[in-house]
There are 2 protein chains.
Amino acid sequence: MPGRPKQAHSGKVTLADVATVAGVDRSVVSRVLNDDPRLNVRQETRQRVLDTIERLGYRPNAAARSLRTARAYMFGLFIPDFANPVYAEIIKGAEQAANQLGYGLMTASSGGVRLGLQHYLDLLGQSRVDGLLFAGEESGHELERLRSASVPWLLVNRRIEGSRRYVVLDDERGSGLAVEHLAALGHRRIAHLAGPESADTARRRRAGYIAAMAAAGLRAGARYTAHADYTPEGGAGAMRELLAVRPRPTAVFVANVASAVGALRTLHEAGLSVPGDVSVIAMHDMSLAGHLVPALTTVRMPLEGLGRRSLELLATTRPQDDITEVVAEPVEVVVRASTGPPSA
Amino acid sequence: MPGRPKQAHSGKVTLADVATVAGVDRSVVSRVLNDDPRLNVRQETRQRVLDTIERLGYRPNAAARSLRTARAYMFGLFIPDFANPVYAEIIKGAEQAANQLGYGLMTASSGGVRLGLQHYLDLLGQSRVDGLLFAGEESGHELERLRSASVPWLLVNRRIEGSRRYVVLDDERGSGLAVEHLAALGHRRIAHLAGPESADTARRRRAGYIAAMAAAGLRAGARYTAHADYTPEGGAGAMRELLAVRPRPTAVFVANVASAVGALRTLHEAGLSVPGDVSVIAMHDMSLAGHLVPALTTVRMPLEGLGRRSLELLATTRPQDDITEVVAEPVEVVVRASTGPPSA
DNA sequence: CTGAAAGCGCTTACAG
DNA sequence: CTGAAAGCGCTTACAG
């Protein structure tokens with residue numbers, strides 16, 4: 001078949017085959033492949049090796065290489081749910097960072113595994129990945145088992161008791177900006193539709209709300225905080241609680257967009273206009289926010305940067321190092337239609 | 001430290017260590033680990049091995065095992081974009097199927113790789129995964145290089161010229177149900193807001209529209225079809241085109257939800273009510289659809305089943321087998337608020 | 001400077 | 001039935 005490159009019999013060509021065909025030693029092929037600067041061969045020979053690799057369709061066996069070098073050139077990332085767009089951004093950042101460092105990134109959902117995280121860790125064993133990122137909701141119990149895992153790991157977007165290996169966002173500051181945005185519009189009765197108390201992010205967002213209210217000289221009474229579970233249904237219920245409080249809040253800072261979807265529905269059903277009667281702002285900007293009615297004002301956090309930085313730290317630190325980093329920039333309010341001055 | 005299990009020095013324990021400590025041969029440890037039925041040891045010995053594994057925190061080296069057995073017990077899935085919820089469902093199905101078969105699934109985005117798909121394939125090499133799923137938009141050119149890849153692969157949700165390895169949905173039927181839904185409501189002037197002609201899914205949806213219109217005895221004039229690029233912006237523009245046609249269509253079947261978001265915006269800006277003036281139905285159900293205003297009627301397709309079936313076929317067929325399968329069930333219309341009888 | 005050889009950590013056919 | 005030994009495909013320190 002002239003004009004068409006010959007296809008090797010699939011998956012069978014080894015480095016030794018290349019060496020034989022090219023008429024060199026295996027070590028030469030290996031060194032050409034890895035750009036070993038200490039290798040001195042004629043350009044002609046090097047080219048012959050390269051041509052042979054191409055012609056035979058040779059692909060290095062990753063398992064053999066990993067076994068020999070104890071490096072996989074691959075990182076892993078566990079997320080709870082691929083359907084949550086927050087994780088899409090984190091993945092994107094981590095993937096870019098991995099690729100830039102010459103690594104691949106494989107992502108899997110911890111929730112999708114029948115037998116749980118432990119099963120996946122067993123499957124991974126040693127030498128499959130050089131490190132693992134956990135951007136999730138794994139329980140402390142599950143992560144306890146991590147400590148005996150044979151691979152370096154790092155928590156992303158959450159801290160866990162006793163752990164000194166995490167990268168988080170500045171949720172306090174993001175929440176503060178949300179409150180400041182509402183206060184600057186003239187709101188004084190600002191409520192907080194919080195996330196679940198079990199979630200580290202929810203606790204930090206609540207702390208940011210409380211601190212910012214104090215800084216603005218506003219009261220953050222306990223009744224102005226309602227807890228939901230980061231879902232539309234939970235958000236709808238918590239919003240009903242907040243609407244029952246007197247005097248009624250004129251603005252709500254919601255801990256995530258999913259809850260805000262439910263909150264907007266409750267407000268609509270109650271016949272209240274947004275932002276006429278109640279302003280709403282939520283944490284984490286995502287394209288869904290722009291398509292809600294009214295379009296939702298949000299706080300945009302550096303999720304992609306979080307993913308990127310986490311991967312970089314995982315790649316460049318030793319497993320025993322402490323990592324307690326906050327990715328703080330950029331944080332900004334994305335003003336859409338759901339916030340405005342109070343009518344009262 | 002009594003009461004606490006001793007932690008091994010991380011990542012260093014090998015099967016040989018376990019054998020030494022347990023006082024057995026390495027092959028016994030290996031056979032216990034793999035439940036080799038031909039192994040005959042006293043229950044006591046077996047338990048001692050298991051205890052030693054636990055106590056030393058031994059984890060098999062995946063690279064060594066893969067090198068030896070030529071199996072990775074891992075599959076890979078490439079998608080174009082983690083932010084697209086369509087892929088989240090496909091991933092979920094594929095992940096479940098992989099786990100059920102005792103495999104892991106690693107997902108990566110082909111778009112996120114700086115140097116493209118080829119770079120990732122190089123990184124993967126041989127023996128890293130036992131097969132690859134491509135649920136994406138890779139060009140035919142890129143996939144051409146796949147043919148020489150050393151790993152079995154399968155296209156998901158798209159066909160490509162010349163390929164005999166793909167699993168797709170019954171887009172024709174889904175589109176047909178959309179048209180039937182509109183026709184049953186009494187619509188006769190049904191337009192199609194199509195996807196890009198370069199996309200296989202868009203071509204099949206359009207074919208389904210045309211066939212269903214004919215079956216219903218309705219005219220599908222060329223001017224009643226406008227092409228967009230599967231984005232809100234594209235959908236907005238294409239909707240403007242359709243609104244300019246006289247007589248104006250009373251209903252539109254939109255090829256995907258992203259385009260429908262833009263179409264709804266155009267209709268709103270034109271002062272037209274949905275479904276009062278124009279009914280809208282779109283392909284692929286996703287949670288966003290329920291949160292739009294008005295809530296969007298959609299066609300729910302078995303995306304999760306597509307992912308599951310694709311993985312199963314990848315796992316259970318030989319690389320040289322033809323696979324040209326259609327995942328047909330279940331397909332159903334999810335009726336929300338954006339469709340109703342024509343007002344005229 | 002070059003290439004032969006050891007060895008990474010497993011699995012398993014095979015000799016005893 | 002058991003365990004010693006070969007070998008998977010690489011990389012690289014080291015002998016020549």
Hey, does the side-chain of A:Arg59 have a donor or acceptor N/O within less than 3.5 Å of a partner on the base of D:dG9?
no
Mate of C:dA13 across any strand shown (Watson-Crick or G-U wobble, both atom pairs under 3.5 Å) is none
note: B:Arg26, atom CZ; C:dT12, atom C1'; distance rounded to Å ~ 12 Å
Only residue of A:Val24, A:Leu50, A:Ile53 satisfying side-chain contact (heavy atoms from CB on, under 4.5 Å) with A:Val18 is A:Ile53
Q.
Within the structure provided, determine whether B:Pro302 and B:Arg308 are in side-chain contact (heavy-atom separation under 4.5 Å).
A. no
Between B:Val28 and B:Leu67, the residue closer to the 5' end of DNA chain C by nearest nucleotide is B:Leu67
*Polar side-chain contact B:Arg68-D:dG9 base: donor and acceptor under 3.5 Å*: no
B:Arg71 atom CZ is separated from C:dT11 atom C1', nearest whole Å, by 15 Å
Which part of the nucleic acid, if any, lies within contact of B:Asp36, taking any heavy atom under 4.0 Å across all strands shown: a base, the sugar-phosphate backbone alone, or nothing? nothing
Any side-chain N or O of B:Ser27 under 4.0 Å from OP1/OP2 of D:dG3?
no
When rounded to whole Å, the CG to P distance for the pair A:Asp25 and D:dG16 reads 16 Å
Note to self: Please confirm whether the shortest side-chain N or O distance from B:Thr69 to OP1 or OP2 of C:dT11 is below 4.0 Å.
What the structure shows: no
Between B:Ala64 and B:Val41, the residue closer to the 5' end of DNA chain D by nearest nucleotide is B:Val41
A:Gln126 CD to C:dG9 P, in whole Å, measures 8 Å
From CD1 of A:Ile53 across to C1' of D:dC10 the rounded distance in Å is 13 Å
Here the distance between atom P of C:dC10 and atom CG of B:Asn34, to the nearest Å, is 11 Å
Checklist entry - Any side-chain N or O of A:Asn61 less than 4.0 Å from the OP1 or OP2 oxygen of D:dC10? => result no
inquiry  = Between B:Arg309 and B:Glu312 (salt bridge meaning N to carboxylate O under 4.0 Å), is one present in this structure?
reply    = yes
pair_partner(C:dA4), Watson-Crick or wobble, both distances < 3.5 Å, evaluates to none
Here the distance between atom P of D:dC1 and atom CZ of B:Arg31, to the nearest Å, is 12 Å
Euclidean distance for P, C:dG16 against D:dG7 (whole angstrom) = 16 Å
Can you find a heavy atom in the side chain of B:Leu132 that is under 4.5 Å from one in the side chain of B:Leu124?
yes
From NZ of A:Lys12 across to P of D:dC10 the rounded distance in Å is 12 Å
